[in-house]
Number of protein chains: 2
Amino acid sequence: MKQGFAMSDDNASAASAPRRARKAEAAPDLGVAAAASGVDVEQHIYETVFDSVLNQRLTPGTKLPEPALCELFGVSRAVIRKVLQRLEHERIVELRPNKGAVIAAPTPEETRQIFEARRALEVSIVEIAARRHTPQDLADLRRLLAHEHEITHNPYQPAWAACAREFHLRIAAVAGNPILTAYLTELMTRCSLIVALYQPSGNAACEHAEHGRIVDYMEKGDVASARAEMGRHLRALEDNISLDRGASTQTLAQMLNLG
Amino acid sequence: MKQGFAMSDDNASAASAPRRARKAEAAPDLGVAAAASGVDVEQHIYETVFDSVLNQRLTPGTKLPEPALCELFGVSRAVIRKVLQRLEHERIVELRPNKGAVIAAPTPEETRQIFEARRALEVSIVEIAARRHTPQDLADLRRLLAHEHEITHNPYQPAWAACAREFHLRIAAVAGNPILTAYLTELMTRCSLIVALYQPSGNAACEHAEHGRIVDYMEKGDVASARAEMGRHLRALEDNISLDRGASTQTLAQMLNLG
DNA sequence: ATAATATAAATCGTTGACGATTTTTGTATT
DNA sequence: AATACAAAAATCGTCAACGATTTATATTAT
């Protein structure tokens, strides 16, 4: 098969020109801003790739050649390599030695493990959140539920996925443990990859109702029911994933929402 | 304060010599072995640092200068940098921009979060393990308990810590979810840092008894009791950490068990 | 026409070097 | 003697280049 990339052609002219405005001898470029922006540039590249994965512009299996990313972002290979290693550790990309980086493609077995891990984590998280929530926390969750309700009938899948993601992460935020939140964030990102791979026939309205029940139990202080409902909800999510595949024909620049 | 390092002196003569035996023109060094060993070298460096942290030779706050590590392991800065980034992502070292890497020193608040995350994870892990264990799994756990019993009266703290660590990770292995095992591994490594920082007055015999009860409940299939006992056990662990500090005077080479 | 082989292109791993920042050391002043 | 300041050393971030490996392409033989 053929990957639909054409970046070395259309980007060689667009990205190489601003690249030279770094240490020019004519412009008195204050070196402080250039050096201090280094860490921000790295974060920007990371977030761009991350966001593209969440929005399914970068789909599992997509190759991420280092030279292409260098030209797209106008940086050296060292910083690209650093970002790729970070993404690898979060299981978003897979780094095959001497063969390049690709967006990770969770196998069915990994999918099972990811959902089992989510259940293990989230039932504990919702238990902590059910004990620790403030009135403000509940108001925020209700507001998220209202936004969910509006978007339930939106056919654009990534929008709903982002909404649901925000809900689960908000509960983790209520629990107030950054470590558990980080783990859950990682697992939910991998779930985005799963959704992109095996398009689930998810019923947004059904999921929305389950979210509502979870908040209801939290408000009542019914910890056990909140745990049970979260467990049911996650099992239901796992239960509707098919095994179709979809291949893309976009360019890497389009997937990254650049140019 | 003064860090007790003297590596640039005694290592400049010992490590720079074998460094040159890489691409010499006289020796027909087969480049395949040198290139293929690259990933193993990286893994070796990682495991050396990791092991040194577990054994409390590398204690929180210890600086890890890149040039020193380059000479100690005879590699370039790129590979050292890669290992440091990996260790940073696992929260074992902290990478302060432009200020170097140090062994992480969990704060009291982080300590609370780490133990809360351990409880959240391990009660679910032991529940899965209690449902999924085979006779062989139970035999292995009993064997670990026997080894624990022998070492209970050993005054050398890291030996007992390694034993307890193995027990908890074995339960995770019985649960059979690599993702949860990886998260727990990370948390237990951070617990080693906590132990090194705030030396707990842990009662090994008491912990050993709790381990035994956990396995008993698993064997009986009493899932709820296994969960509860694990929760009690982890709370007890958290409850005895003091707030003393200890500073080291060893050289980095000694801490890494080299030469 | 297809398969196998050889050549060419692209990509990755590693290294050494340069500039910028931080830390240490030495000096002068109060 | 202690503090403040300045020079020097050490360390880190980034980059460009070289060799090795992989992938794609072109050629040739069956």
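In what follows, chains carry the letters A, B, and so on, assigned in the order in which the sequence lines appear, proteins first and then strands, with residues in each chain numbered from 1.
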Within less than 4.0 Å of OP1 or OP2 of C/dT14, is there a side-chain N or O belonging to B/Lys82?
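So the side chain of B/Lys82 is within the cut-off, an N or O lying under 4.0 Å from OP1 or OP2 of C/dT14.
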Tell me whether the side-chain N/O atoms of A/Lys99 come closer than 4.0 Å to OP1 or OP2 in D/dT23.
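Result: yes.
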Rounded distance (Å) that lies between atom [atom2] of [N] and atom [atom1] of [X]:
| X | N | atom1 | atom2 | answer |
| --- | --- | --- | --- | --- |
| A/Glu94 | C/dC12 | CD | C1' | 16 Å |
| B/Arg96 | D/dT11 | CZ | P | 13 Å |
| A/Gln85 | C/dC12 | CD | P | 15 Å |
| A/Arg77 | D/dC18 | CZ | C1' | 11 Å |
| B/Ile80 | C/dT14 | CD1 | P | 12 Å |
| B/Glu71 | C/dT15 | CD | C1' | 16 Å |
| B/Glu66 | C/dT15 | CD | C1' | 14 Å |
| A/Phe73 | D/dC15 | CZ | P | 14 Å |

Is the side chain of A/Asn177 donor-acceptor paired with the backbone N or O of B/Gln113 at a distance under 3.5 Å, no angle test?
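Pair found, side chain donor or acceptor close to backbone of B/Gln113.
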Rounded distance (nearest 0.5 Å) linking atom CG of B/Leu234 with atom SG of B/Cys191:
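Going from the CG atom of B/Leu234 to the SG atom of B/Cys191 covers 8.5 Å.
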Would a 4.5 Å heavy-atom cut-off, applied to side chains only, mark A/Ile125 and A/Val174 as touching?
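Result no, sub-4.5 Å side-chain heavy-atom pair not found.
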Would a 4.5 Å heavy-atom cut-off, applied to side chains only, mark A/Val93 and A/Val102 as touching?
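A side-chain contact under 4.5 Å is absent here.
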Which of these nucleotides, D/dC15, C/dT22, C/dT15, is closest to any side-chain atom of B/Asn98?
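So the nucleotide nearest the side chain must be C/dT22.
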Which nucleotide in C/dT11, D/dC15, D/dT21 has an atom nearest any side-chain atom of A/Pro67:
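The listed nucleotide nearest to A/Pro67's side chain is C/dT11.
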